[in-house]
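Please read the structure below before turning to the comments.
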Amino acid sequence: MTTINPACRALTLALGALVLGIAFAAATSASEAPKPKAQDWSFQGLFGTFDRAAQQRGFQVYKEVCSGCHSLNQVAYRNLAALGYNEDQIKAIAATVEMQGGPNDEGEMFIRKGKPFDKFKNPFPNENAARAANNGAYPPDLSVITKAKPHGSDYLYALLTNYKEKPPESYWVDNDGKPIPPAKRKWPEGMFYNAAFTGGAIAMVPPLAAEAVAYQDGTKATVAQMAKDVTTFLAWAAEPELEERKSMGRKVILFLLALTALMYALKRKIWADLH
Amino acid sequence: MTAPSEPPQASSTDGKPGIIEQAKDWIDYRMPIFTFMEHELNEYPTPKNLNYWWNFGSLAGIVLVILIVTGIVLAMNYTPHVDHAFDSVERIMRDVNYGWLIRYVHMNGASMFFLVVYIHIFRGLYFGSFKPPRELLWWLGIVILLLMMMTAFMGYVLPWGQMSFWGATVITNLFSAIPWIGDAIVTWLWGGFAVDNPTLQRFYSLHYLLPFVIVGVIFLHLWALHVHGSNNPLGIDRESAKDSIPFHPYYTIKDLFGLGVFLIFFMGIVFFAPNALGEPENYLPANPLQTPAEIVPEWYLLPYYAILRSVPDIAIPFTGIVLMKAKLAGVIAMFGSILILFALPWLDFSPVRSARFRPITKQLFWVFVVVCIVLGKVGANPPNLAVFSGIEGFKYIHLGQIATTYYFAYFLVLMPLLAKFEPTRPLPQSISEPVLRDRDESGE
């Protein structure tokens, strides 16, 4: 045993180190979709909460820009109370849209004003209508969009701020990495170049231009500002429970830490008589 | 319980047993459930030297209870229909009181269940808990693992997101690899000609049923456990009464402390990173017309997925004659990677249970653990992606093939060879004896 052991040990250790090395390298080099640049968000971290002013400005951006094409099916007007709007304001916001109501006592359908209990009005009656109006592309519902993408909030911000006039030279390479001569370059019709979008060609018209909205609180409506605000709004739409979740989580973890410390003390005490 | 030694509080004046004590005796005389509980949960003799790796069995049981309780509440609010499932889950997240908490606990609870069960299995592997006389106990554990995988897979389909739909499509399609009758079986599983509403509804029904089957098998697992009792880090049998301590209070408090540590980890994820373990794509509603760029299962199934994709066509060299298509071979390898565990008591027939006394086994075990993690990494990446950004020729498929080879070689080649030829260190005389010598060992 004493003679064979060191050799075996060295062999297995070397093998183990090799495998570990591969595992580590594999963990660090996997090149998936480009990771969006991390932004500083009010709602990140253990103590994060949504910046109310940014949420309200973001709602304005959604309402005046995004909602022309994108639905927000899971959110109701009444949910806007979380942004700091009062009941009358919410009623007024809901009343700006027309919903189909009915049937009434005569069995007729009718058009009525939106109510706080209504979900956000869908800009298109169905998917086909949405595609017909958008060059064949279907603008996705935005209710959980920040949860549906890796690093969702950072991704959304990167997408909204990375439209470029035309793709860079490095974009024009074929599958083998060879450059494509200018004569053979074909840009898909009706598409736009976005550096943050997988594949680069996106059907969405660049949605944000400077001063696209007039902020009521006087904030300058730069593209970056609007992108940040609307992302904050949509992050709330995706995770309306976030503030309550984190606040409860802090208490739960503190309680568990205290309880576990007690359990440890008790364990030490009970086991003491064995040793 | 039996023969109260001091008068119960309820009737301390006349010295007779109290009403509760009398009721207990009345029941126990007719069905000795209290004697049973006293015997199996209180005085149940347990090796005195169990370390913290022995906490994970009871943790698994507790996580299962958490999953069943949260699952029952979710079922009250969920609609198993392709047109409503996704929206009903979002309604749970937004409008049901604490629905977000219940769903996040359930969702992450599934991950936690696999995590603690995998540690539990690795512990059994390291300390030889599958060896005589605990083979049945080990087999029942593998049955539980298989049931867990089925349950988790079907549960993942229920929110009817993109990964739900495409995961269900990929996994059910595996059965089409079975020669001749494969396609008919897939149609039968689906209840139609594609993954659709009938599939969702039967998966929902089975997802509710199987956890209770798991509870039943756990009962058998515990029954088998309590016949010969727990194995221990030394892997030697208990000789005298000195080697054992009653389960209560020693291991109840040790398990409770471990539970506290575990819950801090679990709740940390639930409250602060509830979607970290999941695939973002599943927050997009299922769309049968749009295949996701990468279809990947949840992390706890990734190693099997890697094995499935690692196996090439089985052909006779230099002739080009294909004996078995890669798909069928892959499916066999994937199921084989778990079924092989059933044969463990014979593949590793060494009489020494604990790897502490088996220097080579100990190190190859840790290589095996790393290989399983590597397989998980392989399963999460496209097969044709280069592992290292500088070396284009070495792709994940190759890494997967190396890891898969080790996975099977570990069981089929290394284990029998080690069992026969490995020089083992001398075993201690008893559990009580080696306490001092044990202290200057590091590691486990």
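Results of the side chain to side chain contact (heavy atoms under 4.5 Å, CB included) test with A:Pro123 over A:Ser71, A:Cys66, A:Pro139 single out A:Ser71 as the only residue that passes.
A side-chain N or O of B:Asp243 and one of B:Ser432 form a donor-acceptor pair less than 3.5 Å apart. Judged by distance alone, the side chains of B:Arg238 and B:Ser244 do bring a donor and an acceptor atom under 3.5 Å apart. Using a 3.5 Å distance cut-off with no hydrogens or angles, the side chains of B:Glu422 and B:Thr361 do pair a donor with an acceptor. For the residue pair B:Asn275/B:Tyr104, the side-chain donor-acceptor check at 3.5 Å is satisfied. Of the N and O atoms on the side chains of B:Ser88 and B:His84, not one donor lies less than 3.5 Å from an acceptor on the other residue.
Both the backbone and the side chain of B:Leu256 have a heavy atom closer than 4.5 Å to some heavy atom of chain A. Looking at B:Asn282, there are no atoms closer than 4.5 Å to chain A (heavy atoms on both sides), in backbone or side chain. Contacts between A:Arg268 and chain B at a heavy-atom distance below 4.5 Å are absent for every atom of the residue. Neither the backbone nor the side chain of B:Leu259 comes within contact range of chain A; no heavy atoms are under 4.5 Å apart. With a 4.5 angstrom heavy-atom cutoff, A:Ala237 touches chain B only via backbone atoms. For B:Trp366, no part lies under 4.5 angstrom from a heavy atom of chain A. Contact annotation for A:Ala238: only backbone heavy atoms (N, CA, C, O) come within less than 4.5 Å of a heavy atom of chain B. At a 4.5 Å heavy-atom cutoff, the contact between A:Pro150 and chain B is made by backbone and side-chain atoms alike.
Considering only heavy-atom pairs separated by less than 4.5 Å from chain B, the leading option among A:Glu244, A:Lys149, A:Glu239, A:Arg250 is A:Glu244. Ranked by heavy-atom pairs shorter than 4.5 Å toward chain A, the options B:Lys254, B:Glu281, B:Arg94 are led by B:Arg94. With chain A as partner, the option from B:Pro280, B:Gly278, B:Gly260 having the largest number of non-hydrogen pairs under 4.5 angstrom is B:Pro280. Most heavy-atom pairs under 4.5 Å with chain A, from the set B:Ala273, B:Pro274, B:Gly258, B:Ala403: that is B:Pro274.
Residues from residues 265-272 of chain B that place a non-hydrogen atom less than 4.5 Å from a non-hydrogen atom of chain A comprise B:Met267, B:Gly268, B:Val270, B:Phe271, B:Phe272, given in numerical order. When the heavy atoms of residues 251-263 of chain A are compared with those of chain B, the residues falling under 4.5 Å are A:Val252, A:Ile253, A:Leu256, A:Leu257, A:Thr260, A:Met263, listed by number.
Counting heavy atoms from C-beta outward, A:Tyr138 and A:Asn128 have side chains that stay 4.5 Å or more apart. Proximity of A:Asn79 to A:Ile90: side-chain heavy atoms (C-beta onward) are nowhere separated by under 4.5 Å. Two residues are said to be in side-chain contact when any heavy atoms from C-beta on lie closer than 4.5 Å; B:Arg103 and B:Val89 meet this criterion. Within the 4.5 Å cutoff, the side chain of A:Phe120 has no heavy atoms near those of the A:Asn73 side chain. B:Leu302 has its side chain out of reach of B:Leu375: every pair of non-hydrogen atoms, C-beta onward, lies at least 4.5 Å apart.
The shortest non-hydrogen separation linking A:Met99 to A:Gly114 is CG-CA, 4.0 Å.
Salt bridge annotation for B:Asp95-A:Arg78: present, with a cationic side-chain nitrogen under 4.0 angstrom from a carboxylate oxygen.
For A:Val173, the side-chain contact (heavy atoms from CB on, under 4.5 Å) criterion is met by no residue, not counting sequence neighbours. Remark: A:Trp41 engages A:Gln39, A:Phe43, A:Gln44, A:Ser153, A:Asp154, A:Tyr157, A:Lys228, A:Thr231, A:Thr232 in a side-chain contact (heavy atoms from CB on, under 4.5 Å) (not counting sequence neighbours).
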